[in-house]
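Step one of this worksheet: look at the structure below.
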Amino acid sequence: MDLDKDNANPTILLASDLPSRSLSNPSSISKPRADGSTGLFDTLIPSYTYLNDLLAPPSPSSSEADSDDENVFEEIDEQEVYDLISTISDPEHPLSLGSLAVVNLPDIHIKTPPTTSRNPISTVTVLVTPTITHCSLATVIGLGVRVRLEQALPPRFRVDVRIKEGTHSTGEAVNKQLGDKERVAAALENGTLMGVLRKMLATCV
């Protein structure tokens, strides 16, 4: 059975080796407790609650708060994009794209427009690394990543998925297919292909 696979013995990363929010941002580990305390010696410091009202800034009116909420976008960074796609199943192996290093955090880039721009569209670029240079499923993997992000990200994001330069023998041809909206739309109308993609995305959390 393994003889029919493009890569019967891929390199597999341990779960502990995969990037995560806690590893990429150690400061996020230390958070205030439910009671507002942050350290062992907080109880030694007297708290004067009557000063809270004097020092607290005035609260905005409900109309101002609603207006601010409409103008604030949820921050999405490369780690969050990685978390969305790293759990996609490989179409050939019962392993995730993250554990096979097919998708990697350093190969994810988000380009946001300047604050003065009238175009609010941000671009998420993901470079895919096939496990071998002649992988016949590179296009399918790229489609899976693209479908996952287009389903999960807000409409203000444009998704650009490519094969990383030098990692596939026909990378340029695959990139043309992944970048052609009409060809992608036609491919997604293929029932057999959609079945494969649904299986790949079934493991996403």
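When hydrophobic clusters are built by joining Ile, Leu, Val, Met, Phe, Trp and Tyr residues whose side-chain heavy atoms come closer than 4.5 Å, directly or via intermediates, L149 is grouped together with I110. By the rule that hydrophobic residues join a cluster once side-chain heavy atoms approach within less than 4.5 Å of another member, V140 and L188 end up as members of one cluster. Put simply, V81 and I121 are part of two different groups of oily side chains (I, L, V, M, F, W, Y) that touch within less than 4.5 Å, one to the next.
Looking at M194 and N190, their side chains never come closer than 4.5 Å, going by heavy atoms from C-beta outward. Put simply, the side chain of V103 does not reach to within 4.5 Å of the side chain of D107, judged on heavy atoms. Residues H93 and T131 fail the side-chain proximity criterion, which asks for heavy atoms closer than 4.5 Å. Side-chain contact check for Q79 versus P19: some heavy-atom pair is nearer than 4.5 Å. Counting only heavy atoms from C-beta outward, the side chains of E78 and L105 approach each other to under 4.5 Å. You'll find the side chain of I108 stays beyond 4.5 Å of the side chain of T125, heavy atoms only. Using a 4.5 Å cut-off on side-chain heavy atoms (C-beta onward), V126 and Y82 make no contact. Counting only heavy atoms from C-beta outward, the side chains of L100 and L13 never approach each other to under 4.5 Å.
Distance check: R198 CZ to L193 CG gives 9.5 Å after rounding to the nearest 0.5 Å. Here the CE-CD distance, from M200 to E92, works out to 11.5 Å after rounding to the nearest 0.5 Å. With values rounded to the nearest 0.5 angstrom, Q177 atom CD is found 8.5 Å from L143 atom CG. With rounding to the nearest 0.5 angstrom, the NZ atom of K199 is 15.0 Å from the CD1 atom of I88. In this structure, CD in Q151 is found 6.0 Å from CG in L201, a value given to the nearest 0.5 Å. Of the inter-residue distances, the one linking I141 atom CD1 with C135 atom SG reads 4.5 Å to the nearest 0.5 angstrom.
Using modelled atom types, no side-chain atom of D180 and backbone atom of K176 make a donor-acceptor pair closer than 3.5 Å. In this structure, H168 contributes its side chain and A138 its backbone to no donor-acceptor pair below 3.5 Å.
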Step-by-step side chain to side chain contact (heavy atoms under 4.5 Å, CB included) determination, L84 to C204: CA-CA 7 Å; L84 288 172; C204 292; over 6 Å; no
Test log, rule side chain to side chain contact (heavy atoms under 4.5 Å, CB included), inputs L127 and I163: CA-CA 5 Å; L127 303 180; I163 301 300; over 6 Å; no
Under the side chain to side chain contact (heavy atoms under 4.5 Å, CB included) rule, what do K111 and S122 come out as? Steps first, then yes or no, please. CA-CA 6 Å; K111 183 178 180 180; S122 298; over 6 Å; no
Assess whether side-chain hydrogen bond (donor to acceptor under 3.5 Å, both in side chains) is satisfied between T129 and T167, documenting all intermediate values. CA-CA 6 Å; T129 303; T167 63; 5.0 Å; no
Given the rule in the side chain to side chain contact (heavy atoms under 4.5 Å, CB included) test, do L97 and I85 qualify, once you have shown the distances and angles that lead to the verdict? CA-CA 7 Å; L97 298 187; I85 62 178; 5.8 Å; no
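Side-chain atoms of S136 and H134 form no donor-acceptor pair, as typed in the model, at a separation below 3.5 Å. Remark: the T133 side chain and the S169 side chain contain no N/O donor-acceptor pair separated by less than 3.5 Å.
Smallest separation of non-hydrogen atoms from L137 and P91: CD1-CG, 3.8 Å. Taking every heavy atom of both residues into account, L178 and V184 meet most closely at O-CG2, 3.6 Å.
Ion pairing of R158 with D160 is absent here, as no side-chain N (NZ or NE/NH1/NH2) approaches a carboxylate O to less than 4.0 Å. Ion pairing of E150 with R146 is present here, as a side-chain N (NZ or NE/NH1/NH2) and a carboxylate O approach within less than 4.0 Å.
Considering only residues two or more places apart in sequence or on other chains, S96 meets the side-chain contact (heavy atoms from CB on, under 4.5 Å) condition with S99.
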